[in-house]
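What follows is a short report on a single structure.
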Amino acid sequence: MSLVTGNEVSSSSFTHRPMNFDVFLSFRGEDTRLGFIGHLYNALVRRGIRTFIDDNLPRGEQISAQLLKTIESSTISIVVFSENYASSAWCLDELAKIVECKKNDQLVRPVFYNVDPSEVRNQKGKFGEALAEHGKVKDNNKVQRWREALTEAGNISGWHYQYGYVFNDHSCADFLVLMAL
């Protein structure tokens with residue numbers, strides 16, 4: 001598979017119009033932004049892979065139509081499931097869109113960051129607790145859509161990151177090879 005590359009990668013261009021990206025990163029910032037995601041994003045960009053990261057997006061209750069278009073136009077989505085991923089309705093909306101795009105042949109590569117894939121797939125532990133909380137205030141159809149997306153994504157063979165593994169520039173290169181980028 002060949003990826004379009006470019007050195008002018010910046011998520012700030014997102015504010016005016018969506019553009020095509022090679023990789024869309026979906027992650028819970030409070031869990032992974034300052035370590036794992038930072039290294040991964042930098043490694044992708046250094047290799048000329050146009051990567052979307054949500055650094056400058058306005059926060060709100062609902063995911064924007066522009067962000068949904070960005071997901072649609074990306075070649076690959078890397079979903080980093082971390083302990084608090086499911087506590088974010090924003091992350092779950094991204095995931096539901098990513099799973100929808102997977103049905104149109106978009107590649108999806110999950111990373112299970114200190115969580116067992118079965119917790120995602122079966123909504124156990126923190127994933128089950130978060131969905132139960134969402135069910136108290138959200139539309140049941142939306143929560144069901146999130147459950148289905150978690151089950152489908154949790155069934156995709158992915159990369160399992162465990163505490164104690166040092167993730168740096170060298171391991172990023174190994175990770176990219178494993179993810180077939």
Side-chain angles (χ1 to χ4, degrees), residues 11 21-47 49 51-57 59 63 67 71 74 76-102 106-136 138 142-181:
S11 61
F21 287 91
D22 298 316
V23 173
F24 180 91
L25 292 176
S26 177
F27 60 96
R28 182 74 167 136
E30 69 184 43
D31 291 346
T32 61
R33 182 183 308 275
L34 297 178
F36 182 84
I37 290 296
H39 286 296
L40 178 58
Y41 175 78
N42 289 331
L44 290 165
V45 170
R46 274 195 310 278
R47 286 167 180 75
I49 298 170
T51 303
F52 179 83
I53 189 169
D54 68 354
D55 280 347
N56 300 317
L57 295 180
R59 294 290 174 206
I63 195 167
L67 186 60
I71 293 169
S74 297
I76 300 171
S77 287
I78 297 176
V79 182
V80 180
F81 292 108
S82 59
E83 187 175 276
N84 295 303
Y85 186 91
S87 66
S88 166
W90 187 287
C91 287
L92 292 170
D93 281 341
E94 283 181 359
L95 179 64
K97 184 62 175 179
I98 288 166
V99 167
E100 178 185 313
C101 291
K102 179 183 177 288
Q106 184 181 96
L107 296 175
V108 177
R109 300 291 190 246
V111 176
F112 301 97
Y113 183 87
N114 295 317
V115 298
D116 190 281
S118 68
E119 289 179 50
V120 176
R121 181 174 41 253
N122 301 316
Q123 292 97 58
K124 299 290 183 194
K126 292 241 179 179
F127 284 81
E129 292 168 15
L131 286 168
E133 285 301 311
H134 289 306
K136 294 176 183 176
K138 300 281 182 198
K142 182 173 237 187
V143 174
Q144 183 58 35
R145 184 172 176 231
W146 292 343
R147 285 185 182 282
E148 290 168 4
L150 285 164
T151 298
E152 185 164 340
N155 278 317
I156 300 170
S157 179
W159 192 64
H160 199 170
Y161 174 94
Q162 294 282 327
Y163 279 122
Y165 181 76
V166 177
F167 199 75
N168 55 31
D169 287 345
H170 177 72
S171 55
C172 276
D174 294 341
F175 173 75
L176 294 173
V177 170
L178 287 171
M179 298 303 271
L181 290 180

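Note: hydrogens, waters and symmetry copies are ignored here, and every other heavy atom, side chains too, is used.
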Not counting sequence neighbours, which residues clear side-chain contact (heavy atoms from CB on, under 4.5 Å) with Glu30? List them please. Arg28, Asn84
Using the side-chain contact (heavy atoms from CB on, under 4.5 Å) criterion, which residues pair with Gln144? Sequence neighbours excluded. Arg147, Glu148
Glu119: partners by salt bridge (Lys or Arg N to Asp or Glu O under 4.0 Å), with sequence neighbours left out: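 Testing Glu119 for salt bridge (Lys or Arg N to Asp or Glu O under 4.0 Å), a comparison that skips the adjacent residues, returns none.
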Partners meeting salt bridge (Lys or Arg N to Asp or Glu O under 4.0 Å) with Glu129 (sequence neighbours left out): none
From [atom1] ([X]) to [atom2] ([Y]), nearest 0.5 Å:
X      : Y      : atom1 : atom2 : value
Leu95  : Lys97  : CG    : NZ    : 12.5 Å
Ser82  : Phe127 : OG    : CZ    : 6.5 Å
Cys101 : Leu107 : SG    : CG    : 11.5 Å
Leu150 : Leu92  : CG    : CG    : 5.5 Å
Leu25  : Ile53  : CG    : CD1   : 6.0 Å
Phe81  : Trp159 : CZ    : CH2   : 15.0 Å

Qualifying residue for side-chain contact (heavy atoms from CB on, under 4.5 Å) with Tyr41, from Ile49, Ile78, Thr51, Val23: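 Of Ile49, Ile78, Thr51, Val23, side-chain contact (heavy atoms from CB on, under 4.5 Å) with Tyr41 is met by Thr51 alone.
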Measure the shortest side-chain to side-chain distance between [X] and [Y] over non-hydrogen atoms and say whether it is less than 4.5 angstrom.
X      : Y      : value
Lys126 : Val115 : no
Arg109 : Ile76  : yes
Glu133 : Ser87  : no

Is the ring pair Phe52/Phe24 parallel, tilted or perpendicular, if the boundaries are 30 and 60 degrees? parallel
Examine distances only and state if a side-chain atom of [X] and a backbone atom of [Y] form a donor-acceptor pair shorter than 3.5 Å.
X      : Y      : value
His134 : Lys142 : no
Ser74  : Ser77  : no
Asn122 : Lys124 : no

Before you tell me yes or no, could you show the steps for Val143 and Leu131 under side-chain contact (heavy atoms from CB on, under 4.5 Å), namely the whole-Å CA-CA distance, both residues' side-chain angles and the distance that decides it to 0.1 Å? CA-CA 7 Å; Val143 174; Leu131 286 168; 4.3 Å; yes
Apply side-chain contact (heavy atoms from CB on, under 4.5 Å) to Leu67 and Asp54, showing your working. CA-CA 9 Å; Leu67 186 60; Asp54 68 354; 5.5 Å; no
Over all atoms of both residues, closest heavy-atom pair of Ser88 and Cys91: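 It is OG-N, 3.0 Å.
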Identify the two heavy atoms, one from Pro110 and one from Ala153, that lie closest to each other, and give their separation to 0.1 Å. CG-O, 4.1 Å
Excluding sequence neighbours, so at least two apart, what forms ring-ring contact (aromatic ring centres under 6.0 Å, His included) with Phe27?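 By the ring-ring contact (aromatic ring centres under 6.0 Å, His included) rule, Phe27 matches no residue at all.
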Under the side-chain hydrogen bond (donor to acceptor under 3.5 Å, both in side chains) test, residues paired with Ser26 that sit two or more places apart: Tyr85, Glu94
